[in-house]
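None of these values were measured; they are calculated from a predicted model.
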Amino acid sequence: MSVHAPLAIDLFCGRGGWTRGLQAEGFHVVGFDIEPFPQYPGQMVLQDVRTLHGSQFRAARLIVASPPCQEFSRHDIPQCRAKHPPPPDLDLVKACWRIREESGVPMVLENVRGSKPFLEPIIGRARRYGSFWLYGDVPALL
């Protein structure tokens, strides 16, 4: 990796789906998660996203985030929806958006279709890309 590679931040990096794609495009990626994934292909920091401050990412060119989707999925599955699950906890999504505002760095947040009614009022319109729903600073071509 070049010393001059642009920096990308991967929040909720998991096993590195975003990271692999960004690395293939020449980015140096630093991932954040609360669980270690030995197979993660980049530099990983074990830290809760809610404890991060966006100012530490001002040198980045892009921030990507894939907050957990289970609560949103429950609202999208008819069998679960019929049981009236409680509203999803939006703390992690709000932390991402706070980091975006503090850093001034473009962010793309990915989640499932069931997230739309909950995230669009906070972040704005989702754009579909295959089976993914992308929010935030998504290029208009998508």
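- Taking CG of Asp91 as the reference point, atom CZ of Arg50 lies at 6.5 Å (rounded to 0.5 Å).
- Closest approach of Gly14 and Asp33 over heavy atoms only: N-OD2, 2.7 Å.
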Exercise. Is there a side chain to side chain contact (heavy atoms under 4.5 Å, CB included) between Leu11 and Val64 once you walk through the steps?
Worked result: CA-CA 6 Å; Leu11 304 177; Val64 295; over 6 Å; no
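- Leu109 places none of its side-chain heavy atoms less than 4.5 Å from the side chain of Leu134.
- Within the 3.5 Å criterion, the main-chain N or O of Glu102 finds no donor-acceptor partner in the side chain of Arg100.
- At distances below 3.5 Å, not a single donor-acceptor pair connects side-chain atoms of Arg61 with backbone N or O atoms of Pro106.
- For the side-chain contact (heavy atoms from CB on, under 4.5 Å) test, residues two or more places apart in sequence or in another chain that qualify with Arg58 are Ser55.
- Nearest heavy-atom pair, Trp133 versus Ala126, reported as atom, atom and distance to 0.1 Å: CE3-CB, 3.7 Å.
- For Arg20 against Gln39, the heavy-atom pair with the smallest separation is NH2-O, 3.6 Å.
- Using a 4.5 Å heavy-atom threshold, the side chains of Arg125 and Tyr135 count as separate.
- At least one donor-acceptor pair under 3.5 Å links the side chain of Asp137 to the backbone N or O of Met107.
- In the hydrophobic clustering of this structure, Ile34 does not group with Leu52; members are Ile, Leu, Val, Met, Phe, Trp, Tyr whose side-chain heavy atoms approach within less than 4.5 Å, directly or through other members.
- The only member of Trp18, Phe57, Phe12 that meets ring pair (Phe, Tyr, Trp, His ring centres under 6.0 Å) when paired with Phe32 is Phe57.
- At least one side-chain heavy atom of Leu46 sits less than 4.5 Å from a side-chain heavy atom of Met44.
- Scanning all heavy atoms of the two residues, the minimum distance from Gly136 to Ile123 falls at N-CG2, 3.6 Å.
- The line from CD1 of Ile63 to OG of Ser103 is 3.5 Å long, rounded to the nearest 0.5 Å.
- Among Asp10, Ile9, Leu7, the single residue meeting the side-chain contact (heavy atoms from CB on, under 4.5 Å) criterion with Val29 is Asp10.
- Residues Gly26 and Pro6 share a closest heavy-atom pair of O-CD, 3.5 Å.
- Atom-to-atom distance recorded for Phe27:CZ and Leu62:CG is 5.5 Å, nearest 0.5 angstrom.
- The local environment of CD in Glu25 is sparse, with at most 12 non-hydrogen atoms from other residues, nucleotides or ligands closer than 6.0 Å.
- Of the N and O atoms on the side chains of Gln23 and Thr19, not one donor lies less than 3.5 Å from an acceptor on the other residue.
- Counting only heavy atoms from C-beta outward, the side chains of His28 and Val30 approach each other to under 4.5 Å.
- Rounded to the nearest 0.5 angstrom, Lys94 NZ and Ile99 CD1 are separated by 14.5 Å.
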